[in-house]
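Just below is one structure, and these are the notes that go with it.
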Amino acid sequence: MNKSIASLLLGTALAATAAGVAFAQDKTVKIGALSDQSGLYADLGGPGSTLAAQMAVEDSGLAAKGWKIDIISGDHQNKPDIGTAIARQWFDVDKVDAIVDVPNSGVALAVNNVVKEKNGVYINSGAATSDLTNAQCSPNTVHWTYDTYMLAHTTGQALVKAGGDTWFFLTADYAFGAALERDTTAVINANGGKVVGGVKHPLNTPDFSSFLLQAQASKAKIIGLANAGGDTTNTIKQAAEFGIVKGGQKLAALLLFLTDVKAIGLETAQGLNFTETFYWDMNDKTRAFSKRFSEKMKNSAPPTMVQAGVYAGVRHYLKALEALGGNPHDGVKVVDKMKSMPTEDDLFGKGEIQPNGRTIHNAYLFEVKKPSESKGPWDFYKLVGTVPGDQAFTPLSESKCALLKK
């Protein structure tokens, strides 16, 4: 071997070694909590999601090991164009490594494309659409907490099997509502029920009277609410004014959050059945975390399942980075590492991330307590049943994710 070739090979080897050392020493991370900070989803995500991300960083213990981890936040205002503009700014200018939270399925799907393009990490705990791990799955995306398939196959299926075999939908007119109505309709039909009608309403509408009158006139046993946050609370409050439940029809709150029950009040919300994957009062570990969380919240609220999902997702992300020995700033590589490691935390227990990015953990059927049953300001739920994660979420055999075909 001549000297010039030997020198070239030695130089290449030294460069590769230097690059490896630089990666191993790169312990800087920036995480963007992208949420609805001021609108109808602000209470279930918003500032509480940013706090959850910050607590995950603190609890990781990585700062004491020389890591520098920053959390920034942004308000997508429930508009896909604003959400994608913020995401691009974060990746191109602010050098964000990961985006978390992102309630609103329309925004979530748009941001999903940006994260893939920029090869970042996307841990979504706020959006419901099951398309994030099906038709629009990405090697950069992990979907935590819940989705429309899970909601349909738990709450929806339980209500049909209990005799609610005719349905009328009130559906939020964007990606989330469409996905939830689609997935629930499939469950209704599969269990011998029938959808007799439906109506779409604008996002964040204050007046549901005309929609509720149509639902009432349908005579359907179940009025399915394919909406969330402020839309759900307004629907339920106004349905009470119309005497819909007293008239014999039942409301199916397909997606209900702790903050929604607080806004509605137990007197009106009592008896509602719904599904969540986290509740603050499940066990000693969830209570201990929720106490720390509520002490930091301005309204002293315990975490919603979205905020709990932000915490758990960020904790797992940081565990993956630590296992890698540093931050490669390579989204696909990091997400692959996250998938290779079992998930485990105090809020969701043990689980796993499937190849399509879907996080698997238990789901719980709850019922809202009567006012007389509640023992405190946030004591709202009683547990009806537990659905194991492998039964709650889309089976891989049914997933339409292209990642599974490789």
Side-chain angles (χ1 to χ4, degrees), residues 28-60 62-63 67-80 82-112 114-115 118 120-128 132 140-146 229 257 259 278 289 292-294 296-299 301-318 320-321 327 331 334-335 338 345 347 359:
T28 61
V29 186
K30 184 172 283 190
I31 300 168
L34 182 57
S35 193
D36 173 1
Q37 299 286 353
S38 55
L40 77 167
Y41 300 147
D43 288 342
L44 61 91
S49 287
T50 305
L51 170 61
Q54 292 167 340
M55 290 179 67
V57 172
E58 293 167 5
D59 291 351
S60 73
L62 291 185
W67 290 72
K68 184 179 185 299
I69 306 169
D70 294 322
I71 305 291
I72 62 175
S73 64
D75 185 355
H76 61 51
Q77 300 176 43
N78 294 298
K79 297 177 180 178
I82 293 178
T84 54
I86 292 172
R88 290 186 183 280
Q89 161 83 15
W90 280 356
F91 285 120
D92 294 340
V93 179
D94 300 316
K95 305 305 177 185
V96 161
D97 295 288
I99 293 178
V100 300
D101 194 11
V102 199
N104 185 307
S105 293
V107 179
L109 291 170
V111 171
N112 189 50
V114 176
V115 177
K118 302 296 183 180
V121 174
Y122 189 27
I123 308 171
N124 190 297
S125 67
L132 280 171
N140 300 76
T141 296
V142 175
H143 197 185
W144 219 282
T145 317
Y146 74 110
F257 293 94
T259 46
F278 169 84
F289 173 81
R292 290 195 294 125
F293 181 94
S294 63
K296 297 174 184 286
M297 285 289 285
K298 289 182 179 180
N299 61 356
T304 65
M305 71 168 169
V306 166
Q307 293 156 350
V310 171
Y311 176 86
V314 172
R315 282 299 307 272
H316 191 69
Y317 167 63
L318 295 177
L321 288 180
N327 186 359
V334 176
V335 169
M338 291 174 68
D345 59 79
L347 308 190
T359 304

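Atoms considered below: every heavy atom in the structure, side chains included; atoms not considered: hydrogens, waters and symmetry mates. If you're wondering where the values come from, they're calculated on a predicted model, not measured in any experiment.
Taking each heavy atom of V114 and R88 in turn, the nearest pair found is CG1-CG, 3.8 Å. For the residue pair H316 and M338, the shortest heavy atom distance occurs at NE2-O, 2.9 Å. Of all heavy-atom pairs spanning I99 and L34, the tightest one is CG2-CB, 4.0 Å. Of all heavy-atom pairs spanning G331 and V121, the tightest one is CA-CG2, 3.7 Å. When all heavy atoms of S125 and V310 are compared, the pair lying nearest together is OG-CG2, 3.1 Å. Closest approach of L318 to A56, counting heavy atoms only: CD1-O, 4.1 Å.
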Chi angles and distances behind the side-chain contact (heavy atoms from CB on, under 4.5 Å) call for V306, S49: CA-CA 7 Å; V306 166; S49 287; 4.0 Å; yes

Verdict with reasoning, Y317 to V142, per side-chain contact (heavy atoms from CB on, under 4.5 Å): CA-CA 10 Å; Y317 167 63; V142 175; over 6 Å; no

Residue pair K296, Q54: steps toward the side-chain contact (heavy atoms from CB on, under 4.5 Å) verdict: CA-CA 11 Å; K296 297 174 184 286; Q54 292 167 340; over 6 Å; no

Residue pair Q307, F278: steps toward the side-chain contact (heavy atoms from CB on, under 4.5 Å) verdict: CA-CA 10 Å; Q307 293 156 350; F278 169 84; over 6 Å; no

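With values rounded to the nearest 0.5 angstrom, I31 atom CD1 is found 8.0 Å from D97 atom CG. With rounding to the nearest 0.5 angstrom, the CH2 atom of W144 is 14.0 Å from the CG atom of D101. Between the OH atom of Y122 and the CG atom of N112 there is a distance of 6.0 Å, given to the nearest 0.5 Å. To the nearest 0.5 Å, atoms CG (N104) and CG (N78) are separated by 4.5 Å. Rounding to the nearest 0.5 angstrom, the gap separating the CG atom in L321 from the CD1 atom in I69 is 7.5 Å. In this structure, W90 CH2 and K30 NZ are separated by 10.5 Å, a value rounded to the nearest 0.5 Å.
Contact annotation: the side chain of V335 never approaches that of T141 to less than 4.5 Å [non-hydrogen atoms, C-beta and beyond]. Inter-residue side-chain proximity for H76 and P103 is flagged as met; some heavy-atom pair is nearer than 4.5 Å. Within the 4.5 Å cutoff, the side chain of K118 has no heavy atoms near those of the V96 side chain. The shortest distance between side-chain heavy atoms of D75 and D36 falls below 4.5 Å.
In this structure, a donor-acceptor pair under 3.5 Å is present between the side chains of Y311 and D59. Checked by atom type, the side-chain pair T259/D43 shows no donor-acceptor distance below 3.5 Å.
A donor-acceptor pair under 3.5 Å links the side-chain atoms of S35 to the main chain of G46, judged by distance alone. With N124 contributing its side chain and H143 its backbone, the two residues share no donor-acceptor pair below 3.5 Å. Between the side chain of D345 and the main chain of L347, a donor-acceptor pair closer than 3.5 Å is present. The main-chain N or O of G120 is found under 3.5 Å from a side-chain atom of N140 such that the two form a donor-acceptor pair.
Counting heavy-atom neighbours within 6.0 Å of K79 NZ, excluding the residue itself, gives a total of 12 or less.
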